[in-house]
Amino acid sequence: MDAPAEPKHYLVGHIREALAQDARVNELTIQVTIAGEKIFLTGNVATAERRDAITEVVGEVAPGYNVHNETTVQAYEAAPDAETLS
Amino acid sequence: MIRLAASADVHFGTESAGTLRPQLTDLPERADVYVLCGDLTRSGDANEASILAEELAGIEIPIVAVLGNHDYHSGQEDVVRKVMEESGVTVLEGEATTITTAGGRVGIAGTKGFGGGFAGACATEFGEGEMKSFIGHTKMLSAKLEDAINSLNGDARVVLTHYAPVKGTLVGEKLEIYPFLGSYLLGEAVDRAGADLVLHGHAHAGTEKGVTPGGIHVRNVALPVIKHVYNVYCFGGDALDSC
């Protein structure tokens with residue numbers, strides 16, 4: 001299927017708006033890059049469920065594009081050594 | 001010496017149960033106080049707050065928090081606050097609290113804060129009502145924060161915000177969005193009142209360490225920045241080597 005003709009500049013804005021507003025996601029920090037018929041998504045999200053939902057939401061907002069969801073799930077690594085403030 | 005554990009932007013959703021608590025088991029041995037600098041929830045839903053409250057329940061050190069912009073999204077910020085407070089978390093909005101630890105008394109003041117930008121590239125309270133409202137909100141919260149800091153007693157003063165008080169901890173973010181990430185008005189309030197440490201979140205692509213123009217330590221503890229479940233900061237008093 002051909003990608004729609006909407007200018008990519010505006011589509012990036014619409015995708016970011018959807019990711020912020022959609023209750024499945026509510027993420028404001030996902031970076032969106034469109035290259036040809038591919039949409040690349042990068043950034044960090046809190047859970048695996050939210051990461052999966054990002055793919056769904058972008059697929060709905062931008063049908064016809066290949067969505068490459070390269071976001072990562074926030075890892076809760078053990079705290080490092082303390083910093084002493086002088 | 002006071003040991004303070006800090007993080008921000010846990011963005012808890014109803015699917016987040018069990019993701020945080022396993023990493024907090026040794027928290028009482030590592031810190032005297034745990035602070036959360038906003039965006040406790042994904043969308044400001046009371047159920048999300050309940051999940052986080054359950055996750056924090058039973059942690060045997062005081063927990064202090066401010067809310068973030070995500071916690072306001074559903075218009076239930078008062079309920080979010082109530083849920084957290086009922087679980088024992090102290091939530092600050094233009095308010096202060098003092099906690100006695102083995103290393104001394106630490107006074108903590110906090111606000112969500114808001115945006116507007118930084119000196120030389122900031123919005124002003126001029127023009128449309130919406131613009132006046134935007135900056136007026138930041139001014140109001142900054143003034144209340146300053147009053148709250150001035151009310152503090154203790155051996156050390158800590159300030160919690162969600163939005164950034166300086167641009168130094170925004171390095172890595174796109175310049176175009178700085179006005180939505182923080183305001184110099186918050187930093188100015190802190191510098192006027194005086195503090196030992198300011199902690200904030202919100203800027204996920206920013207930098208951990210900064211300083212106010214007045215020389216106060218600033219730390220951006222957003223989880224994507226610190227990349228750990230929390231960071232620990234030690235300050236005040238003697239015996240710093242034992243931290």
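Heavy atoms only: backbone and side chains are in, while hydrogens, waters and symmetry mates are out. In what follows, chains carry the letters A, B, and so on, assigned in the order in which the sequence lines appear, proteins first and then strands, with residues in each chain numbered from 1.
Taking CD1 from B:Ile226 and CD from A:Glu83, the interatomic distance works out to 11.5 Å, rounded to the nearest 0.5 Å. Note that the CG atom of A:Leu28 and the NE2 atom of B:His73 stand 8.5 Å from one another [nearest 0.5 Å]. With values rounded to the nearest 0.5 angstrom, A:Leu85 atom CG is found 4.5 Å from B:His217 atom NE2. The structure places NE2 of B:His204 at 9.0 Å from CD of A:Gln74, a figure rounded to the nearest 0.5 Å. The structure places CZ of B:Arg30 at 6.5 Å from CG of A:Asp81, a figure rounded to the nearest 0.5 Å. The structure places CD of B:Glu48 at 7.5 Å from CG of A:Asn26, a figure rounded to the nearest 0.5 Å.
Residue contact with chain B, scored on non-hydrogen atoms closer than 4.5 Å, is absent for A:Val45.
Smallest separation of non-hydrogen atoms from B:Arg42 and A:Arg24: NH1-O, 3.5 Å. Closest of all the heavy-atom pairs between A:Tyr76 and B:Leu20 is CE2-CD1, 3.6 Å.
Heavy-atom pairs under 4.5 Å with chain B were tallied for A:Ala20, A:Ala75, A:Ala23; the largest tally goes to A:Ala23. Here A:Thr47 is the residue among A:Thr47, A:Asn44, A:Thr72 with the most heavy-atom pairs under 4.5 Å with chain B. Taking chain B as the reference chain and counting heavy-atom pairs below 4.5 Å, the highest number among A:Ala48, A:Ala46, A:Ala78, A:Gly43 is found for A:Ala78.
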